[in-house]
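Comments concern the structure below.
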Amino acid sequence: MSTSDQETKLYVPSEAAVKAAHVSGMDAYRKLCDEADADYEGYWARLAREFVAWKQPFTQVLDESNAPFFKWFADGTLNVSYNCLDRNVEQGRGDKVAIIFEADDGKVTRVTYNELLTQTSQLANALRSMGVKKGDRVVIYMPMSVEGVVAMQACARIGATHSVVFGGFSAQSLRDRIEDAGAVMVITADEQMRGGKQLPLKAIVDEALSLGGCDTIRNVVVYQRTGGKVAWGARDKWLHDVVAGQAITCEPEWVEAEHPLFLLYTSGSTGKPKGVQHAGGGYLLHAALTTKWTFDLKPEDVFWCTADIGWVTGHTYIAYGPLANGGTQIVFEGVPTYPDAGRFWKMIQDHKVTIFYTAPTAIRSLIKAAESNADVHPREYDLSSLRLLGSVGEPINPAAWEWYHLNIGGGRCPIVDTFWQTETGGHMITPLPGATPLVPGSCTLPFPGIMAAVVDETGKDVPWGQGGILVVKKPWPSMIRTIWGDPERFKKSYYPADFQGKYYLAGDGAIRDAKTGYFTITGRIDDVLNVSGHRMGTMEIESALVSCTELVAEAAVVGRPDDTTGEAICAFVVLKRPRPTGEEARQIAKQLRDWVGKEIGPIAKPKDIRFGDNLPKTRSGKIMRRLLRSIAKGEQITQDTSTLENPAILDQLSQSN
Ligand code: ATP
Ligand code: MG
């Protein structure tokens, strides 16, 4: 986006919002950045003392002696569950509602901090009684539930390292993760409820364990969610049985700051999932800090992050960040389209949600739903409780941003477009709602203390206005510590020799606006196209297609080798109307080609446009462009598709119009 565009589209926070915010105004933002610039370690140490309760206070801050395996606060000890639960109870928030749980069928349960602490302590005691020790890995394969959050907190309480696997994964994917983590236990449920259907979980665990390679598993603990029939063996225990009679208090295991709190396998958009390892101290700091500043969380807020606990967003902004701040949050079991596509809007209305955080993929599909069925249009609901919106997971196209801002935010709520990764633990580049003027499609500026930059292949800064590679120049507290069991892959992936092993490589491309310095993510590095010598981000072409709001619901763009132009642009498009074929498809393709030509320039016109009912997505809702690249080239797909949500779509997209 050009400079003039950015300036005309600025959304400046209201005076009242600035006044009330934790980080109040751009001067406050700059002051924090200056503090970090002047004394990097001092800045993080100050915040670590403010935001985290330490058992043994740390004296060391950043240890770079074994770079890039950095350590933070290494001689300090703490317990993450103590920080999220006991601390709130001790400070008088025991009766405050921590979680408002809404089940798939609409049933609502409220859980206070006192109750959450009791449940966590009882499960922690039960895990200990079953021999789970500090450092053991526990796989959690649970539906969205209070019990899922309790399972994570209970592991943290006894120093066990959890690895949550999203409940939509197959037996094979689950098996691979159990084996890679060498887990001693699986915590699961009999079944889960999604969109009115009962879906198996325990049966998939049984199948996963029967595939071999999981001999480390001693027990499977099963939360009874539906009462559906399940097979039972000697190692299986009901959750309600193992916690029955357990003491309601549990002394936390005080662990070193670097002790691994969890492993989490990335969503696999770009390759084989990696077991990202996070350390409790630095991670908790950033979870607590970003929840407070980015979401400007206040005691009276009702916060709702719609992510699943199987993804990092559900870790940082459900299981840890809101609790570490003593907040009240929604945990939702179901899906956004059941009983109809107005479910999110109805829940915001019913629970008077003030802060709503979701993903572009959800927004795009709800736009499509709202435009085809007036009954589920957000204007049918009272969304006046909202004061802040957030977006995460993929770049949000300006057209979707505008819709979200107007239709959900009533034109009054700022949108924080938060760029971050499983590996970063928390927000990296994001607006702060009481400070940063917003530009649709830009994640704006680094979180204070995050040294993000855009460089060329040699690691040199590129001037603003010129695209390049996104890096982080200094280690930060919540960064990935290693890839579980594969330190070499960690080094190669994130601290490659290209930058002398000095910079963290995010794997995304970015451009900074020539005037404001705002960051826009242009897509994964391998998604940059070179057409007749012109370098273009796929994201820009996708946004142009999606801005044809009459026709297009979603679009993904990839390159394929071309004899004349070097690379040719291939676009996969989901329309707001049924998938066209034959002459109709050719006509719409021409119309879209001309549209892109007009929006960006003739050079960006896709050579090939294909229509699908959907796009190949990961189970976390991200478009898998690496598969589309193979389809565009006409190749057989031989890559890892274990995280693919909808395999049938590949055949459809392989047919040309
Ligand atoms: P894998 O690493 O296995 O390929 P993944 O990168 O999709 O999977 P995540 O850690 O869930 O796994 O996602 C991080 C990526 O999501 C970022 O690198 C970026 O490409 C994208 N992303 C997240 N938030 C934003 C955002 N606000 N704007 C643009 N891109 C975003
Ligand atoms: Mg990634």
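For ligands, and for the atoms within them, numbers begin at 1 and follow the listed sequence.
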Identity of the nearest option to atom 10 (O) of ligand 1, non-hydrogen atoms only, from Thr266, Thr422, Val416: Thr422
Pair listing, side chain to side chain donor-acceptor pair (under 3.5 Å) test, anchored in residues 408-419, at least two apart: Tyr357-Thr418
Tyr265 vs Ser173, side chain to side chain donor-acceptor pair (under 3.5 Å): CA-CA, chis, key distance, verdict: CA-CA 10 Å; Tyr265 291 81; Ser173 306; over 6 Å; no
Protein contact to atom 4 (O) of ligand 1 [nearest heavy atom, distance to 0.1 Å]: Thr270 OG1, 2.4 Å
Contacting atoms of ligand 1, where contact means under 4.0 angstrom from a heavy atom of Thr418: 24 (N), 25 (C), 26 (C), 27 (N)
Thr358 and Tyr404 side chains, donor-acceptor separation under 3.5 Å: no
Which of the ligand 1 atoms, numbered from 1, are nearer than 4.0 Å to a heavy atom of Asp417: 26 (C), 27 (N), 28 (N)
SB check Glu488 Lys492 (cutoff 4.0 Å): no
Salt-bridge contact Arg387-Asp296 (side-chain N to carboxylate O under 4.0 Å): yes
Identity and separation of the nearest protein heavy atom to atom 12 (O) of ligand 1: Ser267 OG, 3.0 Å
is_close_aromatic(His315, Tyr283), centroid dist under 6.0 Å: no
Ser620 heavy atom under 4.0 Å from ligand 1: no
Check ion pair Arg175-Asp180 (N to O, under 4.0 angstrom): no
Heavy-atom nearest neighbour in the protein, as seen from atom 21 (C) of ligand 1, with distance rounded to 0.1 Å: Gly393 O, 3.3 Å
Check ion pair Arg364-Glu394 (N to O, under 4.0 angstrom): yes
Glu423 and Arg481 ion-paired at < 4.0 Å: no
Nearest option to atom 31 (C) of ligand 1, as decided by whichever heavy atom of Tyr265, Phe519, Phe419, Trp420 sits closest: Phe419
Of the listed options Val276, Thr424, Asp508, closest to atom 18 (O) of ligand 1 (non-hydrogen atoms): Asp508
Nearest protein heavy atom with distance in Å, relative to atom 29 (C) of ligand 1: Pro395 N, 3.2 Å
Atom 7 (O) of ligand 1 - nearest protein heavy atom and its distance: Ser269 OG, 2.5 Å
Nearest neighbour in protein (non-hydrogen) for atom 2 (O) of ligand 1: Lys274 NZ, 3.4 Å
Proximal candidate to atom 11 (O) of ligand 1 [heavy atom criterion; set Met624, Gln421, His427, Lys622]: Lys622
Residue, atom name and distance, where the atom is the protein heavy atom closest to atom 6 (O) of ligand 1: Arg524 NH1, 2.8 Å
